Amino acid sequence: MESTVLKVSDFSAYFGDSQILKNINLETDSNFVTTLMGPSGCGKTTLIRCVNRMHELIPGARVTGKMYLKNDDIYGMEPIVLRRKIGMVFQKPNPFPMMSIYDNVIAGYKLNGIRFPRDELDNIVERSLMGAALWDEVKDSLHRKGTFLSGGQQQRLCIARALAMNPEILLLDEPTSALDPKSTSAIEELIVELKKSVTMLLVTHNIAQAARVSDYTAFIYLGELVEFGPTDKMFTVPKDKRTEEYLTGKFG
Amino acid sequence: MKDHTTARMIKDKVFRATVILLACFSMLPLLLILYFITRNGIAVINWEFLSQLPRPIGEDGGGVFNAIVGTAILIILSSILSIPFGITTGIYLSEKSDGKIAHIVRLCVVVLQGTPSIVIGIVAYLWVVAPFHSFSAISGGVALSIMMLPVIIKATEETLKLMPYHLKEASLALGVPYHKTILKVILPTGINGILTGILLSLARITGETAPLLFTAFGNQFMNWNLFKPIDSLPYRIFYYAMSPYPEWHAFAWGASFMLVAVVLGFNLIARGVAAKWKVQF
Amino acid sequence: MTEMCSVNGIGMQDINEKTETADMTAKNTMDKSEQRFGKVLLLAAVFVVVLLLAILATLVAASIPAIKAFGLTFFWGTTWDAAAEKFGALPFLAGTLITSFLATLICIPFSIAISIFLGEYFKEGVFSAFLRSSVEVLAGIPSVIYGLWGLFLLMPIMRAIEMYLGVTPHGVGLLTSALILAIMIIPFSASIGREVITLVPGDLKEAAFSLGATRFEVIRNVIIPYARSGIIAGILLSLGRAIGETMAVTMLIGNSNFIPTGIFDPSNTMASVIANEFAEATGITAASLIYVALVLFLVTTVVNIVGTYVIKKVALEASKEVT
Ligand SMILES: Nc1ncnc2c1ncn2[C@@H]1O[C@H](COP(=O)(O)OP(=O)(O)O)[C@@H](O)[C@H]1O
Ligand SMILES: [Mg+2]
């Protein structure tokens with residue numbers, strides 16, 4: 001059942017004249033968690049935002065090279081079609097404050113003007129909230145605005161919102177950096193659980209987190225992909241000196 | 001699914017085009033106004049127009065010198081009346097930001113700012129013109145100063161609130177008393193914001209006509225007496241525009257050109273001051 | 001308190017003594033000037049409150065003869081006749097409501113388009129800088145010049161339209177005034193609209209984009225709902241402006257004191273009837289006009305307080321959102 005979900009080849013990204021990503025090559029397989037790790041400012045967010053083409057929303061941003069989502073050329077697709085197939089969870093929980101919890105979960109369908117019968121929507125909401133391990137906590141207040149939820153719950157609501165679209169890959173950009181330790185471990189557990197059903201690309205600068213949840217790790221430094229391989233291997237015998245220095249806390 | 005996506009993308013494009021179209025279309029009046037003012041205004045403006053008094057209809061030539069002087073006098077008068085009060089109140093609001101009085105004062109400033117200028121004109125009439133039984137420059141100055149006040153207060157308050165707290169701390173730690181800290185450290189640091197506010201308030205009142213209708217009134221002669229009616233550019237424009245004579249209409253455009261130049265000038269200087277005198281932290 | 005400056009050649013002891021005595025004497029004077037400073041500030045602040053109350057009191061006091069004579073019937077009286085000393089303000093209430101609401105209605109699509117243009121599509125760059133400064137210039141042009149321009153461009157156009165439609169070709173009237181008012185309030189409501197639109201948190205927009213929404217869908221489903229109360233408050237404040245706007249309307253409304261029967265009719269607003277008649281009014285006529293001014297003042301005050309309050313609340317919530 002293993003197959004390549006995301007393939008990045010000779011990929012570079014720019015903000016105006018400054019090159020942020022330099023010739024990245026990467027492959028992620030289905031039902032694995034791949035971590036992008038590296039010091040702050042090295043380009044992790046940029047790379048992940050290139051995958052669903054959010055990068056190009058910023059004026060002056062451009063890219064070269066190729067990315068494929070299950071053999072489909074990402075940069076040959078309509079962004080709005082692509083983004084529906086790719087889920088994204090942001091650094092700061094960002095549920096829509098003007099929508100109820102229920103509507104937040106199906107926001108992707110609502111925004112895209114896709115209509116379903118009511119019971120099917122109920123189904124999607126329940127399934128997605130279950131998937132995000134939030135169902136039990138909110139099932140009685142589905143039609144309230146989500147603003148009363150804790151930060152960790154809000155983040156799981158955002159994960160549910162992404163899961164509702166049945167994404168082929170889920171992008172998580174430091175999803176726990178704005179959360180307390182307890183919520184963080186809840187999200188980490190959730191990621192491990194989700195692995196059964198969805199492929200994930202996780203950005204973190206927390207080495208321990210990468211070790212806990214990921215199967216593969218890519219170490220990025222100054223826009224370059226320094227090393228990429230199975231997490232346990234890289235963490236025990238890093239091939240590159242820079243990876244070793246990063247893992248042992250010499251910088252970052 | 002495919003068709004659905006195309007439809008959505010078309011909708012997106014159509015919406016974008018509509019927004020751009022409407023936004024550009026709303027610039028049309030501006031272009032037309034500027035075009036009219038420039039075309040009709042420049043033709044009239046010459047040295048005589050700037051330096052002579054109005055002549056009765058039938059006589060050629062003449063100018064709006066009295067209106068220019070009158071506007072200048074009104075500006076000076078209302079500045080004298082409003083600036084000290086405005087700045088002081090602004091300091092109060094920024095210092096006693098959360099007090100009960102501050103909240104009430106702020107509410108009053110909002111109300112004053114929104115009060116129609118014609119209402120302020122009537123009030124100035126009742127306060128100054130009626131007791132003295134004469135339209136006067138002073139009453140015009142009172143009306144305009146009430147209009148300047150909220151703008152200056154707000155500008156001062158907002159500028160001073162942006163001052164970093166460590167600035168005040170640094171001064172107080174040196175043993176400088178509180179009021180001197182405010183007057184000699186905080187106020188000079190925020191001077192660009194306050195000046196900008198004053199200039200913007202001047203831009204606001206220079207073109208005001210309604211509050212002058214029953215206060216400064218208007219005067220076709222030169223007048224330096226503050227207790228007598230005085231002319232002003234906006235009043236002259238109104239007077240000439242409502243007249244049936246094409247010669248006077250032309251003069252109205254000339255005066256409009258000057259008035260717009262003055263108002264935009266104030267705005268430009270305000271921008272310059274805001275940018276140039278800004279103290280960097 | 002300024003002895004500290006001449007430090008040269010004085011021993012440390014001296015300085016200490018000197019500053020100490022200076023401190024002692026300074027203490028009293030300083031406390032006093034400190035107090036005086038506080039008093040001056042307070043006085044200026046209280047003065048603003050007094051000023052506003054005085055405005056209200058003056059208007060009430062000066063309109064008492066009219067209030068006594070007409071009371072609340074003033075609001076539904078339809079005749080305004082100085083010769084007969086019979087005053088009802090309904091024609092002006094109608095004129096004000098029709099012109100200002102019509103103006104606001106015309107203004108809404110344009111100001112929202114400009115807000116979205118500046119707040120979402122073109123946040124920076126030449127295009128946006130141009131539009132933004134144009135809006136500022138438009139906002140800075142004095143009312144009387146809008147009136148003058150209206151007389152020379154809008155009035156002939158309206159007259160032609162009226163001839164074409166077969167109604168009495170006044171050229172001036174309710175619709176002409178509403179048009180000029182709309183042009184005048186567009187910059188104002190657009191700048192408020194732009195502000196509230198830029199307050200919409202970027203991460204919400206990104207969330208919507210990441211779910212595959214088009215920009216239009218983001219605007220319609222995220223930006224507008226989020227900014228809705230701010231946009232409505234901006235429109236309300238613009239309405240307040242339109243209600244109180246005087247000169248341009250005075251020049252273009254046709255100065256008629258009868259209840260308008262059609263959109264092309266000449267009329268008067270509360271503000272324009274004051275501008276037209278107050279200078280020559282005496283006695284009960286003047287009191288009635290001041291009564292109109294009082295009503296105008298109260299209406300715009302309510303509109304402004306509500307609008308400002310809502311906008312403040314919106315901005316506050318947005319700032320909470322960020323932190
Ligand atoms: N909008 C932007 N415009 C210009 N440069 C940017 C922008 N966003 C990020 N950058 C630059 O791109 C580099 C990579 O940023 P990012 O991908 O956010 O790093 P990371 O997520 O690894 O911390 C940084 O050097 C940053 O300064
Ligand atoms: Mg990042």
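Computed from a predicted model, the values in this text were never measured in an experiment. Proteins get letters first, then strands, A, B, ... in listed order; numbering begins at 1 in each. Note that these values count all heavy atoms, side chains included, but never hydrogens, waters or copies made by symmetry.
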Take atom [atom1] in [X]; do more than 12 heavy atoms of anything else shown fall under 6.0 Å from it?
X	atom1	result
A:Lys66	NZ	no
B:Phe25	CZ	no
B:Lys11	NZ	no

- Query: What is the distance from atom OG1 of B:Thr5 to atom CG of A:Asn112, rounded to the nearest 0.5 Å?
  - Reply: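 Separation between the atoms: 8.5 Å.
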- Message: A:Tyr14: which residues meet the ring pair (Phe, Tyr, Trp, His ring centres under 6.0 Å) condition with it, sequence neighbours left out?
- Response: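 Listed in chain order: nothing, the list is empty.
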- Give a yes or no answer on whether the side chain of B:His4 reaches the backbone of A:Ile114 with a donor-acceptor pair at less than 3.5 Å.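 Such a contact is absent between B:His4 side chain and A:Ile114 backbone.
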- side-chain contact (heavy atoms from CB on, under 4.5 Å) partner of B:Arg8, the single match among A:Ile80, A:Val81, A:Leu111: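 Exactly one candidate clears the test, A:Ile80.
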